[in-house]
Q: 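Can you keep this structure in mind? I'll have questions shortly.
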Amino acid sequence: MERTLAIIKPDAVKRGFVGGILVEIQSAGLSVCGLRMIRLAKEQAEAFYEVHQARPFYASLCAYMSSGPVVVMVLEGEGAIARWRDLMGATDPAKAAAGTIRKKFGVDVEQNAAHGSDAPETASREIPFFFRTLDIV
Ligand code: UDP
Ligand code: MG
């Protein structure tokens, strides 16, 4: 069993896609073992994405991620990290495969509906960023 950190980003929450994305997650056989709606302060978005701080899109990304509520989740299943990344699709919705969450629900390369940890080490940092052990069922 593996766990990954998933986020439904502000654009998708704002446009009413939380339910649709949860359906995709559960249809794919991933279990939701933690879930919360929060609004990130800009400093919290900056800390979460600090690995990208040298990138040209960092400031805009952090402003966007703190622009409205997000849904943070812990997903669990065999190979959950790769399976959630596959289900999300490519970073740029325009390049994402048909049927993926970013293709269906994303707006553009920044407002791309969802986040997923990209490796076990990333998940180990990202899950405790949002969830205490006792908040994961
Ligand atoms: N992003 C962006 N412009 C880019 C690349 C990425 O605004 O050219 C944003 C986008 O929201 C993306 C996030 O930064 O999801 C993190 O980028 P990363 O390369 O880690 O993509 P991901 O792992 O989310 O597919
Ligand atoms: Mg990434």
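Only heavy atoms go into these numbers, but all of them, side chains included; no hydrogens, no water, no symmetry mates. As the structure lists them, so they are numbered: ligands from 1, and atoms in each ligand from 1.
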Q: Hydrophobic cluster mates of L61, side-chain heavy atoms under 4.5 angstrom, ILVMFWY only, any path?
A: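 Once heavy-atom contacts under 4.5 Å are chained together, L61 belongs with L5, I7, I38, L40, F48, Y49, F57, Y58, Y64, M65, V70, V72, V74, I127, F129, F130, F131, I136.
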Q: Specify the protein heavy atom at minimum distance from atom 11 (O) of ligand 1: its residue, its atom name, and the distance to 0.1 Å.
A: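 For atom 11 (O) of ligand 1, the nearest protein heavy atom comes out as E110 O, 2.8 Å.
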Q: Excluding sequence neighbours, so at least two apart, what forms salt bridge (Lys or Arg N to Asp or Glu O under 4.0 Å) with R102?
A: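 So R102 forms no salt bridge (Lys or Arg N to Asp or Glu O under 4.0 Å) with any residue.
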Q: Would you say V109 contacts ligand 1, with heavy atoms under 4.0 Å as the rule?
A: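 Heavy atoms of V109 do come under 4.0 Å of ligand 1.
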Q: Counting only heavy atoms, tell me which of F57, Y64, Y58 gets closest to atom 5 (C) of ligand 1.
A: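 Considering heavy atoms of F57, Y64, Y58, the nearest to atom 5 (C) of ligand 1 sits in F57.
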Q: Pick, from Q111, R102, H115, the option with the minimum heavy-atom distance to atom 24 (O) of ligand 1.
A: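 That would be R102.
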Q: With a 4.0 Å heavy-atom cut-off (strictly under), which part of M65 contacts ligand 1: side chain, backbone, both or neither?
A: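 Within the 4.0 Å criterion, M65 makes no contact with ligand 1.
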Q: Ignoring hydrogens and geometry beyond distance, is a side-chain donor-acceptor pair present between E126 and S117 at under 3.5 Å?
A: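 The criterion, which ignores hydrogens and geometry beyond distance, is satisfied for S117 and E126.
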Q: Can K14 and D11 be said to form a salt bridge (Lys or Arg N to Asp or Glu O under 4.0 Å), step by step?
A: CA-CA 5 Å; K14 211 167 290 170; D11 61 292; over 6 Å; no
Q: Yes or no on salt bridge (Lys or Arg N to Asp or Glu O under 4.0 Å) for E24 and K104, after CA distance, side-chain angles and deciding distance?
A: CA-CA 11 Å; E24 302 277 345; K104 283 190 194 170; 2.4 Å; yes
Q: Among all protein heavy atoms, pick out the one at the shortest distance from atom 23 (O) of ligand 1; state its residue, atom name and that distance to 0.1 Å.
A: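 Result: R85 NH1, 2.8 Å.
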Q: Under a 4.0 angstrom heavy-atom cut-off, which atoms of ligand 1 come close to K9?
A: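 Selected atoms, number and element: 10 (C), 11 (O), 12 (C), 15 (O).
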Q: I want to know if ligand 1 touches N112 in the polar sense, i.e. an N/O pair below 3.5 angstrom.
A: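 Yes; at least one N/O pair falls below 3.5 Å.
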Q: Compute whether any side-chain donor of one residue and acceptor of the other, for S60 and E110, lie under 3.5 angstrom apart.
A: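 Short answer, yes.
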Q: So for ligand 1, is H52 a polar contact partner (N or O within less than 3.5 Å, distance only)?
A: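 Min N/O separation from ligand 1 is below 3.5 Å for H52.
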Q: Given the rule that I, L, V, M, F, W and Y join up when any side-chain heavy atoms are under 4.5 Å apart, are I81 and L30 in one cluster?
A: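 No: no chain of side-chain contacts under 4.5 Å links I81 to L30.
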Q: What protein heavy atom is closest to atom 21 (O) of ligand 1, reported as residue, atom name and distance in Å?
A: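 I find the closest protein heavy atom is T91 OG1, 3.4 Å.
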